[in-house]
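Worth knowing before you read on, the calculation uses all heavy atoms, side chains too, and leaves out hydrogens, waters and symmetry mates.
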Amino acid sequence: GQVIKVEFEHDDGRFLYEVLGAGLSTYPDLRSGAARLREVNHTLPTAADRLHLVLSQPPAEAWAADAVHDVFGVHVLWRLPQGWGGQDTATALGVDPSQA
């Protein structure tokens, strides 16, 4: 699967995103993505304030996003037919909460 990394300056700080390709939504996929994000963040001249994994679909296991956040401190977001699911989507997307 294709992996895309994006760094973004926001009012709430510097955010780093990894976008996982289609079909990469199981806990092992999320765990691998979170570990890569932590490694990349470690190499940056200025570390990101928040790390995000972005999925093209909801996680395969309902508990996976919370587990990745608890273990790695990485926020997980996913695309829904109408908007976004996941943790603190408004902040992660840099939008007003009513628009998330």
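The line from CD of Glu39 to CG of Leu44 is 12.0 Å long, rounded to the nearest 0.5 Å. We find the CD-CG distance between Glu61 and Asp66 to be 12.5 Å, quoted to the nearest 0.5 Å. For the atom pair CZ of Phe72 and CG of Leu37, the computed distance is 10.5 Å after rounding to the nearest 0.5 Å. Taken from CG in Leu20 to CD in Gln57, the straight-line distance is 10.0 Å, to the nearest 0.5 Å. For the atom pair Ser32 OG and Leu53 CG, the distance stands at 10.0 Å (nearest 0.5 Å).
Contact annotation: the side chain of Leu51 never approaches that of Val40 to less than 4.5 Å [non-hydrogen atoms, C-beta and beyond].
Evaluation of the side chain to side chain donor-acceptor pair (under 3.5 Å) rule for Asn41 yields no partner, not counting sequence neighbours. Residues passing the ring-ring contact (aromatic ring centres under 6.0 Å, His included) test with His75, sequence neighbours excluded: His52, His69.
Gly13 and Asp49 make their closest contact through CA-OD2, 3.1 Å (heavy atoms, listed as atom of the first residue, atom of the second, distance). Between Gly21 and Ser56 the shortest heavy-atom distance is O-OG, 4.1 Å. Residues Ala67 and Tyr27 come closest through the heavy atom pair CB-CE1, 3.8 Å. Taking every heavy atom of both residues into account, Leu80 and Gly85 meet most closely at CD1-N, 3.5 Å.
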Checklist entry - side-chain hydrogen bond (donor to acceptor under 3.5 Å, both in side chains) between Thr26 and Asp29: does it pass, once the steps are laid out? => result CA-CA 5 Å; Thr26 66; Asp29 298 325; 2.9 Å; yes
